2 protein chains.
Amino acid sequence: MWSDAIPDPAAQQEIKRKAIIRAAAQAFSRQGSHSVTLDDVAKRLGVSKAALYRYIPNKHSLILACQDEALDIAGQALARAISEQGTGLAKIRQSLRLYLLDTIEQLGVPALILEDNALRGDDAARILQKRDSYESRMRELVSEGCADGSILPVEPKMAVFMLLGAVHWVAKWYRPDGRWSPETVADTIVGLATRALEPAPTSTLAIHLPQDQAREDRHAF
Amino acid sequence: MWSDAIPDPAAQQEIKRKAIIRAAAQAFSRQGSHSVTLDDVAKRLGVSKAALYRYIPNKHSLILACQDEALDIAGQALARAISEQGTGLAKIRQSLRLYLLDTIEQLGVPALILEDNALRGDDAARILQKRDSYESRMRELVSEGCADGSILPVEPKMAVFMLLGAVHWVAKWYRPDGRWSPETVADTIVGLATRALEPAPTSTLAIHLPQDQAREDRHAF
DNA sequence: GTTGCAATCTAACGCCCGTTTGAATAGCCT
DNA sequence: AGGCTATTCAAACGGGCGTTAGATTGCAAC
């Protein structure tokens with residue numbers, strides 16, 4: 001039983017570990033894990049790269065931890081969405097929306113893109129299985145939507161690929177200090193992408209600042 | 001005036017150079033340019049990595065050449081689509097469809113994803129400008145579609161991000177030896193994604209093999 | 001055959017970056 | 001104050017990979 005005033009050293013460790021994962025995730029999601037050096041990650045945190053090794057055993061495990069975290073967020077978002085009432089399409093919408101918002105909040109980056117080649121070893125297989133399970137459950141939601149009439153007849157695999165492409169791509173162009181809030185981005189992108197699946201879409205979309213402010217945006221191709 | 005029987009040595013050079021770019025593009029689009037070694041590229045072509053240097057000055061220029069090629073294809077697809085009759089949405093559909101089909105045919109990979117961090121130097125600025133120009137013209141097509149009523153009122157930037165996300169993501173999961181032909185993939189993904197922009201979608205989609213064949217697909221998250 | 005050029009190879013060089021080592025610093029307990 | 005532990009750092013080590021050098025092979029011209 002620890003007093004709040006006396007910080008638990010183990011908890012301190014965990015806080016710093018999370019900070020490292022967060023910093024790494026932000027760098028990885030844009031540049032790809034292989035082109036990010038531990039020096040890059042350390043500089044974001046204002047420490048030397050050697051200091052990282054008190055919290056992580058090596059770079060590969062850091063990559064795994066990032067993927068693990070992102071997949072946990074995705075899985076939890078999916079679970080929450082499934083537990084709520086609504087059509088298959090509504091659940092898909094909610095799960096993707098939560099995924100974007102939670103990754104931004106917890107990792108500081110909207111979605112974490114996996115390069116499967118970056119994964120090796122036994123843990124890698126676990127991550128891949130986790131990802132496959134997530135995508136599989138998403139496809140089931142599509143099938144559910146087809147059955148309940150909220151989604152037009154589509155190939156579930158293709159539909160999920162399309163949705164995840166639109167959603168994961170956000171990581172390439174979203175800027176925390178940009179014009180749009182996380183909520184605006186999540187609602188607009190998910191709203192648009194899922195509209196593609198409506199049998200006869202009637203949903204309207206919030207329109208955000210149609211006038212183009214002359215800002216120099218460097219975003220991904 | 002060369003005879004067909006006597007191959008022009010300069011042309012031979014160019015053919016091999018193109019083969020290198022193609023092999024590199026396939027590797028880059030999946031793994032990211034930074035995690036692909038020149039040995040990887042050389043092995044795909046059955047030569048040693050030193051042999052590559054007769055055709056490219058260095059790795060960075062190879063990355064640039066891949067981006068250049070992909071952007072040329074994208075730009076030409078856009079130009080062809082614009083020159084044809086039709087609504088703004090129809091032009092967007094056509095340009096994206098051609099982009100996927102042409103990159104698969106010419107580069108052997110559907111879309112080439114840019115990691116802007118991989119680019120350096122003066123040529124890099126040229127590539128970024130080319131990409132910005134392409135995206136800007138895409139946004140204009142969205143505005144055109146809004147005006148002619150083929151597209152519902154949306155923020156053009158977001159709409160283009162959503163479309164390009166769905167389209168570029170194909171590079172992560174498409175397999176040449178897979179279940180779907182390039183045409184099927186292009187039609188389905190572009191058909192789905194652009195449906196999101198229809199004011200009141202009535203378009204139907206071809207449905208391909210809804211039954212799931214028990215194939216083990218390893219695709220990107 | 002011999003010469004010359006093009007193409008490719010193997011082997012080595014050197015830098016970058018992940019990882020380790022050992023010392024320096026800062027807080028906490030008695 | 002003095003020791004103990006937890007953190008952090010600068011510096012060095014070592015492997016991987018881009019790049020270069022020099023040798024080898026193959027082919028065309030004469």
Side-chain angles (χ1 to χ4, degrees), chain A residues 2-21 23-25 27-28 30-67 115 117-121 123-124, chain B residues 2-21 23-25 27-28 31-66 115 117-121 123-124:
Chain A
W2 296 293
S3 157
D4 284 1
I6 302 171
D8 175 15
Q12 284 293 94
Q13 276 257 128
E14 190 53 25
I15 286 172
K16 291 191 181 176
R17 194 185 124 88
K18 280 284 164 66
I20 292 172
I21 291 176
F28 290 166
R30 269 181 194 283
Q31 308 178 216
S33 56
H34 202 278
S35 58
V36 173
T37 70
L38 289 185
D39 250 338
D40 295 337
V41 177
K43 273 202 195 82
R44 281 179 182 247
L45 297 164
V47 296
S48 74
K49 63 178 173 178
L52 302 181
Y53 279 83
R54 203 148 283 273
Y55 306 94
I56 57 159
N58 53 53
K59 183 182 182 181
H60 186 243
S61 82
L62 179 56
I63 297 172
L64 281 176
C66 288
Q67 296 296 335
E115 309 123 324
N117 69 300
L119 301 173
R120 276 160 227 179
D123 302 302
Chain B
W2 295 294
S3 157
D4 283 0
I6 303 172
D8 175 15
Q12 284 291 94
Q13 277 258 128
E14 189 54 22
I15 286 171
K16 292 191 180 176
R17 193 184 125 88
K18 279 285 163 66
I20 292 173
I21 290 176
F28 290 166
Q31 310 179 215
S33 56
H34 202 278
S35 58
V36 174
T37 70
L38 288 184
D39 249 337
D40 294 337
V41 177
K43 272 203 197 83
R44 282 179 182 248
L45 298 164
V47 297
S48 73
K49 62 179 172 177
L52 303 180
Y53 280 82
R54 203 149 284 273
Y55 305 94
I56 56 160
N58 52 53
K59 184 181 182 182
H60 186 242
S61 83
L62 179 57
I63 297 173
L64 281 175
C66 288
E115 311 123 323
N117 69 299
L119 302 172
R120 277 161 228 178
D123 302 303

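Every chain is numbered from 1 and lettered A, B, ... according to where its sequence line falls, protein lines coming before strand lines. These figures come from a predicted structure and were not determined experimentally.
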Whole angstrom value for the distance that separates P of C:dC17 from CG of A:D40: 8 Å
First encountered from the 5' end of DNA chain C, between A:S33 and B:S48: B:S48
Under 4.0 angstrom between A:K16 side-chain N/O and D:dT8 OP1 or OP2: yes
Separation of A:T37 OG1 from A:K59 NZ (nearest 0.5 Å): 7.0 Å
Interatomic spacing from CG in A:L45 to CD1 in A:I20 - rounded to 0.5 Å: 6.5 Å
Side-chain N or O of A:K43 closer than 4.0 Å to phosphate OP1/OP2 of C:dC17: no
Which nucleotide in D:dC17, C:dC9, D:dC9 has an atom nearest any side-chain atom of A:V47: D:dC9
Short side-chain N/O contact to C:dA6 OP1/OP2 from B:Y55, under 4.0 Å: no
Length of the NE2-P vector between A:H34 and C:dC17, whole Å: 11 Å
Rounded distance (Å) that lies between atom P of C:dT8 and atom CG of B:L52: 9 Å
Candidate nucleotides C:dG18, C:dC9, D:dT19, ranked by approach to the side chain of A:Y53 - the nearest: C:dG18
Length of the line joining A:D39:CG and C:dC17:P, which is rounded to integer Å: 8 Å
Atom of B:R17, atom of B:A65 and distance for their closest heavy-atom approach: NH2-CB, 4.1 Å
DNA chain C: 5'-proximal contact among B:A50 and A:P57 (nearest heavy atom): B:A50
Integer-rounded Å distance: D:dT20 P and B:N58 CG: 8 Å
Shortest non-hydrogen contact from B:D40 toward B:S35: OD2-O, 4.1 Å
Closest approach of B:C66 to B:A24 (non-hydrogen atoms, all atoms of both residues): SG-CB, 4.0 Å
First encountered from the 5' end of DNA chain D, between A:R54 and B:K59: A:R54
Interatomic distance where CD belongs to B:Q12 and C1' belongs to D:dA28 [whole Å]: 15 Å
Rounded distance (Å) that lies between atom C1' of D:dA21 and atom NZ of B:K49: 14 Å
D:dA6 phosphate, OP1 or OP2, under 4.0 Å from A:Q13 side-chain N/O: no
Sugar-phosphate, base or nothing in reach of A:V36, heavy atoms under 4.0 Å: sugar-phosphate
Separation of atom CG in A:L38 from atom P in C:dT19, rounded to whole Å: 6 Å
